Amino acid sequence: MEETISLQDLAKTLRKRLVLIISAVILAVTIAGVVSYLFLTPIYQASTQILVNQEKSEQQQFNAQAIQTDLQLINTYNVIITSPAILSKVIENLDLDTTPAGLKTKITVNSAQNSQVLDISVQDTEPYVAVDIANTTAAVFQEEIKKLMNVDNVNVLSPAVLAENPAPIKPDPMLNMAIAAVIGLMLGVGIAFLLEYLDTTVKTEQDAEELLGLPILGLISTIAEKDIQDAKGPVKSRRKKR
């Protein structure tokens with residue numbers, strides 16, 4: 001016989017296992033909060049912007065072709081900034097205990113579309129270290145690019161600044177707990193339906209009807225022990241006559 005599940009059956013199962021579902025959500029949110037606040041290391045970010053273009057002589061005019069050439073060089077600048085030629089000097093200037101490859105993992109270089117402005121973002125567990133790395137990287141690039149590509153017009157638009165109360169960019173405890181709540185809800189609902197599927201015990205007359213496929217003709221009510229004693233009447237004590 002093919003079994004069908006109605007919306008009423010689904011709602012009934014959810015109501016029956018509501019405590020389990022809520023417990024799963026609370027447990028998941030609690031674990032995510034504890035891990036986010038106590039076990040994950042906060043990561044801070046500092047950013048600086050630099051403008052890179054070729055120096056123009058008085059006779060040379062700014063035209064579309066020259067600007068397009070500068071834009072095509074932006075990808076090259078992105079590679080140069082995170083190259084060992086730059087990062088090794090940054091490590092030397094700041095006396096960092098890392099390698100160029102390790103420092104590269106902390107630095108992200110982006111450029112807006114059709115823009116000669118480069119954004120250098122640095123992430124570190126210490127906010128002041130992130131600021132120092134960002135500013136030093138821009139300064140070293142500004143100096144070394146003259147030798148590498150004969151570019152002598154690099155300007156720092158906005159240096160990285162250490163805020164009074166820096167806030168980490170990750171982890172985001174609220175986001176982690178929100179994701180954990182959704183996962184906990186899904187797990188709770190899944191476990192609720194799994195338990196309902198595995199539960200084959202007969203608890204009500206409706207369960208018996210569904211299992212046997214026969215109508216119920218009668219019910220035997222449960223009689224309390226108190227009602228049995230009341231039906232028998234008071235028990236009189238008898239004494240043996242001597």
Side-chain angles (χ1 to χ4, degrees), residues 21-52 74-142 144 154-191:
I21 297 174
I22 295 177
S23 300
V25 174
I26 295 176
L27 179 61
V29 172
T30 302
I31 293 176
V34 170
V35 172
S36 298
Y37 282 107
L38 300 182
F39 293 97
L40 296 182
T41 303
I43 301 297
Y44 299 86
Q45 179 173 291
S47 300
T48 183
Q49 286 185 331
I50 58 177
L51 174 64
V52 184
I74 290 298
N75 292 332
T76 304
Y77 300 148
N78 292 348
V79 176
I80 293 176
I81 290 176
T82 56
S83 66
I86 303 297
L87 298 185
S88 59
K89 292 186 176 296
V90 174
I91 294 173
E92 181 181 354
N93 293 345
L94 296 178
D95 193 20
L96 299 176
D97 185 17
T98 184
T99 62
L103 182 58
K104 183 178 180 180
T105 60
K106 299 181 179 182
I107 300 177
T108 303
V109 182
N110 294 314
S111 58
Q113 187 176 7
N114 296 329
S115 172
Q116 296 173 255
V117 177
L118 298 177
D119 293 320
I120 303 176
S121 300
V122 180
Q123 296 182 1
D124 194 85
T125 56
E126 297 292 342
Y128 68 92
V129 175
V131 172
D132 291 341
I133 293 176
N135 290 330
T136 304
T137 302
V140 171
F141 174 75
Q142 187 176 22
E144 294 297 320
V154 176
N155 299 313
V156 178
L157 299 181
S158 58
V161 179
L162 180 62
E164 295 183 1
N165 296 313
I169 61 169
K170 58 182 180 181
D172 188 347
M174 300 305 298
L175 177 61
N176 293 343
M177 288 189 289
I179 296 175
V182 175
I183 296 176
L185 178 62
M186 296 172 61
L187 288 177
V189 172
I191 294 174

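Residues take their numbers from the sequence shown, with the count starting at 1. Note that the coordinates shown come from a computational prediction; the quantities given were computed from them, not determined experimentally.
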Enumerate, atom names and distances included, each donor-acceptor pair closer than 3.5 Å involving a side-chain atom of residues 87-101, sequence neighbours excluded.
unit_1 : atom_1 : unit_2 : atom_2 : d
S88    : OG     : P84    : O      : 2.5
N93    : ND2    : K89    : O      : 3.3
T99    : OG1    : G102   : N      : 3.1

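- Between A163 and P166, the closest heavy-atom pair is O-CD, 3.4 Å.
- The list of side-chain hydrogen bond (donor to acceptor under 3.5 Å, both in side chains) pairs with a residue in residues 181-191, not counting sequence neighbours, is empty.
- With sequence neighbours excluded, no residue forms a side-chain hydrogen bond (donor to acceptor under 3.5 Å, both in side chains) with T82.
- Residues passing the side-chain hydrogen bond (donor to acceptor under 3.5 Å, both in side chains) test with N78: none are found, sequence neighbours excluded.
- Counting all heavy atoms, side chain and backbone alike, A138 lies closest to T48 at CB-CG2, 4.1 Å.
- How far CD1 of I86 is from OH of Y77: 12.5 Å, rounded to the nearest 0.5 Å.
- In this structure, Y128 and V131 have side chains that are not in contact, with every pair of non-hydrogen atoms separated by 4.5 Å or more.
- For the pair Y44 and P127, the tightest heavy-atom approach, listed with the atom from each and the gap, is CD1-CD, 3.7 Å.
- For T30, the side chain to side chain contact (heavy atoms under 4.5 Å, CB included) criterion is met by I26, V34, not counting sequence neighbours.
- Heavy-atom minimum distance, G184 versus A24: O-CB, 3.6 Å.
- Residues in residues 116-136 take part in these salt bridge (charged side-chain N to carboxylate O under 4.0 Å, His left out) pairs, two or more places apart or across chains: K106-D124.
- The CG atom of N110 sits 11.0 Å away from the CD atom of Q49 when rounded to the nearest 0.5 Å.
- Contact between P171 and P173 at its shortest, heavy atoms only, is O-CD, 3.2 Å.
- Residues passing the side chain to side chain contact (heavy atoms under 4.5 Å, CB included) test with L185 are I21, V25, V189, sequence neighbours excluded.
- Applying the side-chain hydrogen bond (donor to acceptor under 3.5 Å, both in side chains) criterion to S111, with sequence neighbours excluded, gives no partner residue.
- Between the CE atom of M177 and the OH atom of Y37 there is a distance of 4.5 Å, given to the nearest 0.5 Å.
- Applying the side chain to side chain contact (heavy atoms under 4.5 Å, CB included) rule to A178 yields no partners; only residues at least two apart in sequence or on another chain are considered.
- Of the inter-residue distances, the one linking I50 atom CD1 with N135 atom CG reads 11.0 Å to the nearest 0.5 angstrom.
- Applying the side-chain hydrogen bond (donor to acceptor under 3.5 Å, both in side chains) rule to S36 yields the partners N176; only residues at least two apart in sequence or on another chain are considered.
- Between atom CD1 of residue I81 and atom CZ of residue F141 there is a gap of 4.5 Å, rounded to the nearest 0.5 Å.
- For Q123, the side chain to side chain contact (heavy atoms under 4.5 Å, CB included) partners two or more places apart in sequence, or in a different chain, are I43, Q45, I169, K170.
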